[in-house]
Amino acid sequence: MTARIIDGNALSARVRGEIAERATALTARGVQPCLAVILVGENPASAVYVRNKVSACEKAGIRSLRLDYPADVSPEVVMARLAELNADPSVHGILVQLPLPKQFDEAAVLEAISVTKDVDGFHAENVGRLSQNQEAFLPCTPHGVMKMFEAEGVDLAGVEAVVIGRSNIVGKPMAMLLTNAGATVTVCHSKTRDLNFHTRRADILVAAIGKPRFVTGDMVKPGATVIDVGINRLPDGKLCGDVDFESAKTVAGLITPVPGGVGPMTITMLLENTVISADRAARAAGK
Ligand code: GUN
């Protein structure tokens with residue numbers, strides 16, 4: 001069997017087209033959606049992500065404010081800027097690129113972002129709302145994965161879903177979204193005893209570990225849907241995922257590639273959250 005490949009680029013292009021139309025309509029009503037992006041320090045991967053986010057905004061007709069700070073900036077300076085952005089009615093989304101340098105208390109920074117502008121969905125209140133299955137800004141990567149399931153007609157009710165990775169950015173919110181959708185969810189991580197036992201019975205397997213080609217074909221249940229959230233750079237400069245695509249695709253029924261799978265969906269959902277926030281602001285202002 002060879003798995004059907006989920007084309008994240010094509011889905012992303014389609015959704016971004018709809019987002020751009022909504023951004024144009026909002027701008028015509030006098031409210032151009034605007035995303036503020038804060039980058040602290042010179043982490044090369046973060047710099048690439050931020051550049052891609054700003055460029056995607058531009059292409060979708062969303063204004064972006066890019067704010068760069070040196071690695072040794074005092075947290076008070078960034079906190080003061082966040083307070084200004086929270087109070088600025090022309091800004092609809094605020095994102096602080098993670099990780100932050102060690103002088104920062106990351107949780108405190110995320111909670112200093114207004115819940116109504118938290119387009120990354122990392123504020124404790126949005127995380128709590130997600131856990132209670134209430135409306136909330138959803139973290140962009142797991143939300144993008146859910147959008148892929150929807151587009152591909154993957155039924156989630158009653159299926160066995162296994163998420164490898166328990167990060168606040170992907171693993172935990174992914175598990176909550178799958179639970180809310182009716183899947184039976186197992187979260188595996190570095191301390192899990194018999195990982196293969198779990199992965200081999202997964203109808204849906206989400207890999208968010210950060211280890212190149214960690215999930216091999218022998219760990220996959222025949223016909224399973226395999227979602228690869230990993231983006232790893234190999235010594236030769238090429239990108240690869242957490243899944244060994246070549247062996248997994250001979251066993252899986254549906255699989256995402258890297259690059260061109262989940263990656264583009266993350267930024268797409270960030271744009272969508274920004275437009276949703278701008279739309280709420282426009283309605284609140286009677287526009
Ligand atoms: N670092 C890695 N992924 C993300 C993300 O989705 N948002 C932010 N703000 N930082 C990240």
Side-chain angles (χ1 to χ4, degrees), residues 8 12 15 34-57 62 64-69 71 73 75 78-79 81-82 85-86 91-102 104-115 117-127 130 136-148 163 165-177 206-211 227-233 239 241-242 258-259 261-274 276-277:
S12 196
V15 179
C34 173
L35 174 69
V37 182
I38 293 182
L39 174 63
V40 183
E42 276 114 43
N43 179 319
S46 291
V48 172
Y49 291 140
V50 163
R51 203 166 56 234
N52 290 344
K53 287 172 187 179
V54 167
S55 144
C57 279
I62 295 171
S64 61
L65 281 177
R66 181 175 164 164
L67 305 157
D68 286 82
Y69 293 95
V73 69
V78 175
M79 291 299 227
R81 193 74 177 97
L82 283 176
L85 294 167
N86 284 340
V91 172
H92 308 104
I94 303 170
L95 175 160
V96 178
Q97 188 65 30
L98 303 177
L100 286 166
K102 53 186 177 316
F104 283 86
D105 173 350
E106 221 161 73
V109 171
L110 296 177
E111 287 193 41
I113 297 170
S114 163
V115 179
K117 299 188 181 186
D118 172 37
V119 286
D120 251 338
F122 294 161
H123 189 291
E125 190 171 322
N126 277 318
V127 177
L130 165 60
F137 280 124
L138 302 176
C140 301
T141 301
H143 190 194
V145 173
M146 295 302 282
K147 201 88 169 178
M148 286 178 144
V163 178
R166 55 175 160 172
S167 72
N168 290 337
I169 292 179
V170 181
K172 278 190 256 181
M174 186 78 253
M176 284 197 274
L177 284 166
V206 181
I209 318 145
K211 288 188 184 163
I227 304 292
D228 191 350
V229 178
I231 302 178
N232 308 290
R233 201 166 283 282
L239 290 181
D242 290 350
V258 176
V262 175
M265 291 305 292
T266 296
I267 295 185
T268 300
M269 302 326 288
L270 174 68
L271 302 178
E272 184 175 276
N273 279 348
T274 304
I276 289 170
S277 181

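Note that ligands are numbered from 1 as they come in the structure, with each ligand's atoms numbered from 1 the same way.
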Review point. Any idea which part of K53 is under 4.0 Å from ligand 1, heavy-atom wise: side chain, backbone, both or neither?
Key: side chain
Check your understanding: Side chain, backbone, both or neither: which part of F122 has a heavy atom under 4.0 Å from ligand 1?
Key -> side chain
**Study point:** Subset of ligand 1 atoms that lie under 4.0 Å from at least one heavy atom of V96
**Key:** 8 (C), 9 (N)
Would you mind writing out the side-chain donor-acceptor pairs for residues 265-272 within the sub-3.5 Å range, not counting sequence neighbours?
from: T266; atom 1: OG1; to: T141; atom 2: OG1; distance (Å): 2.9
from: T268; atom 1: OG1; to: S12; atom 2: OG; distance (Å): 2.5
from: T268; atom 1: OG1; to: R16; atom 2: NE; distance (Å): 2.8
from: T268; atom 1: OG1; to: R16; atom 2: NH2; distance (Å): 3.4
from: T268; atom 1: OG1; to: P264; atom 2: O; distance (Å): 2.9
from: E272; atom 1: OE1; to: K147; atom 2: NZ; distance (Å): 3.3

Check your understanding: To which protein heavy atom is atom 11 (C) of ligand 1 closest, and what is the distance rounded to 0.1 Å?
Key -> Q97 NE2, 3.3 Å
Revision key, fill the gap. shortest atom 10 (N) of ligand 1-to-protein heavy-atom contact is with L98 N, 3.0 Å
Point to revise | Under 3.5 Å: donor-acceptor pair, side chain of N273, backbone of L138 | key: yes
Review point. Going by the order shown, which atoms of ligand 1 are within less than 4.0 Å of some heavy atom of D120?
Key: 6 (O), 7 (N), 8 (C), 9 (N)
Check your understanding: Where the side chain of D242 meets the backbone of D228, is there a donor-acceptor pair that is under 3.5 Å apart?
Key -> no
Check your understanding: Within a strict 4.5 Å, meaning less than it, do heavy atoms of the I113 and F122 side chains meet?
Key -> no
Please list, one pair per line, the donor and acceptor atoms closer than 3.5 Å that link side chains of residues 34-43 to other protein atoms, with sequence neighbours excluded.
from: N43; atom 1: OD1; to: A45; atom 2: N; distance (Å): 3.0
from: N43; atom 1: OD1; to: S46; atom 2: N; distance (Å): 3.2

